[in-house]
Every structure is written in structure tokens, then in C-alpha cells.
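One structure below.
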Amino acid sequence: VQLQASGGGLVQAGDSLRLSCVVSGLTFINYYVGWFRQAPGKERESVAGINWGGYSTDYTDSVKGRFTISRDNAKNTVHLQMNSLKPEDTAVYYCAADRAEHPSKFASSWAKIEEYDYWGQGTQVTVSS
């Protein structure tokens, strides 16, 4: 199983970036996907999650209204569109996948790091002020 995250970079405050996570080696529609981030000296935190069909999403409060998560099951890809970026968004961003054994698991588990079976390598996002 591989999760390949890409799309990070150095931008200015107010700019946008689109992260992508390409997943291989598993049956993609059986998994929900989350984006997480880790800033220097801080713990990894949840950012956004999307269920298997893409019709249910959730976000951490600090990114609501600015970030949008989406998925293309035909391409085994999840995107994170990040608008109005702030310096505090600076971090390494990771995508992760977890199998949804039952429909309600996404809502209760997407933000929990310990639930995820597979992780990507991370992509650096740096936002300058």
C-alpha cells in the first residue's frame, strides 16, 4: 500500500495550494481518507476527512471555510484545496487512509490519528507573512 502526497510549496499569506494524495495497493472505495499536519515542535493534528463516497466531509475548526477536501475514486486520489493560507498553516501535511468497517466509523474516527492504517510520506507547506 502506498499513499503519495504532493503539491506542497512555499507561498505567501492569502495564497492557495492544492495538495493531492494518490493511493495504491488497496480497494480505495473501502477507505475514508484524512489529511493531517504537523508543525515544528507540535503534535500532529487532524485537518480534514472524507468518507468513501465523498459525500461526507469534516474539518478542524481552524480551516473551515478555507480548505476543501474532495476525492476522485476513479483515480484513487484525494485532494485538499487550501485557500486564504495563513502562516499558522505552515506544516508538513500527511494523508492517511483507514478502512471503514461500518458506515458510522468515518464520523467518529476520521480525526483520530491512531485509527489510521496507512500513511503517506508528507508534503511541506510553508506560508510566509
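Model, not experiment: these values are computed from the prediction.
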- [ ] Go through the steps for Val78 and Phe28 under the test side-chain contact (heavy atoms from CB on, under 4.5 Å), then give the verdict.
- [x] CA-CA 10 Å; Val78 174; Phe28 190 54; 3.6 Å; yes
- [ ] Show the numbers, then the answer: is there a side-chain contact (heavy atoms from CB on, under 4.5 Å) between Gln124 and Thr90?
- [x] CA-CA 8 Å; Gln124 176 71 48; Thr90 295; 4.1 Å; yes
- [ ] Over all heavy atoms of both residues, which pair between Arg66 and Ser84 is shortest? Give the atoms and the distance, please.
- [x] NH1-O, 3.0 Å
Open item on the list: Could you check whether Trp52 and Phe106 have their ring centres less than 6.0 Å apart?
Closed with: no
Task: same_hphob_cluster(Tyr93, Val23) at 4.5 Å side-chain heavy-atom cutoff - done: yes
TODO: Any chance you could lay out the side-chain contact (heavy atoms from CB on, under 4.5 Å) test for Arg99 and Leu26, step after step, and finish with the verdict?
DONE: CA-CA 10 Å; Arg99 187 176 178 90; Leu26 51 75; over 6 Å; no
Task: Flag side-chain contact, heavy atom, 4.5 Å: Asp89 against Met82 - done: no
Task: Reported CG-to-CD1 distance for the pair Asn51 and Ile29, which is rounded to 0.5 angstrom - done: 11.5 Å
Open item on the list: Would a single hydrophobic cluster contain both Val33 and Leu19, if residues Ile, Leu, Val, Met, Phe, Trp and Tyr are joined by side-chain heavy-atom contacts under 4.5 Å?
Closed with: yes
- [ ] Please work out whether the ring planes of Tyr118 and Tyr31 are parallel, tilted or perpendicular, with thresholds of 30° and 60°.
- [x] tilted
Task: Heavy-atom closest pair, residues Val11 and Ser16 - done: CG1-O, 4.4 Å
- [ ] Give a yes or no on this: more than 12 heavy atoms of other residues, nucleotides or ligands lie within 6.0 Å of atom CD of Glu43.
- [x] no
Task: Exercise: identify the closest heavy-atom pair between Asn83 and Gln81 - done: OD1-NE2, 2.9 Å
Task: Over all atoms of both residues, closest heavy-atom pair of Lys105 and Ala100 - done: CD-CA, 4.3 Å
Task: Phe36-Val92 co-clustered via ILVMFWY side chain contacts under 4.5 Å - done: yes
Task: Atom of Ala5, atom of Cys95 and distance for their closest heavy-atom approach - done: CB-SG, 4.1 Å
Task: Worked check of side-chain contact (heavy atoms from CB on, under 4.5 Å) between Ile50 and Trp110 - done: CA-CA 8 Å; Ile50 189 165; Trp110 80 266; over 6 Å; no
Task: Gap between atom CD1 of Ile69 and atom CG of Asp58 - 0.5 Å precision - done: 10.0 Å
Task: By side-chain hydrogen bond (donor to acceptor under 3.5 Å, both in side chains) - contacts of Tyr32 (at least two apart) - done: Asp98
Open item on the list: Using 0.5 Å steps for rounding, measure from the OG atom of Ser62 to the NZ atom of Lys86.
Closed with: 8.0 Å
Open item on the list: For a quick test of reading the model, state the closest non-hydrogen atom pair linking Ala91 to Ala39 and the distance between them.
Closed with: CB-N, 3.8 Å
Open item on the list: Apply side chain to side chain donor-acceptor pair (under 3.5 Å) to residues Gln4 and Ser6 and explain how you reach the verdict.
Closed with: CA-CA 7 Å; Gln4 184 70 40; Ser6 63; over 6 Å; no
Task: Set of side-chain hydrogen bond (donor to acceptor under 3.5 Å, both in side chains) partners for Trp35, sequence neighbours left out - done: none
- [ ] With rounding to the nearest 0.5 Å, note down the distance linking CZ in Arg37 to CZ in Arg44.
- [x] 13.0 Å
Open item on the list: Please report the interatomic distance CG(Leu3) to CG(Asn76), rounded to the nearest 0.5 Å.
Closed with: 10.0 Å
Open item on the list: Is it the case that over 12 heavy atoms from other parts of the model lie below 6.0 angstrom from the NZ atom of Lys64?
Closed with: yes
Open item on the list: Return the CZ to CG distance between Phe67 and Leu17, rounded to the nearest 0.5 Å.
Closed with: 9.0 Å
TODO: Determine whether more than 12 heavy atoms belonging to other residues, nucleotides or ligands lie under 6.0 Å from atom CD of Gln2.
DONE: no
- [ ] Kindly work out whether a path of hydrophobic side-chain contacts (I/L/V/M/F/W/Y, heavy atoms less than 4.5 Å apart) joins Tyr94 to Ile113.
- [x] yes
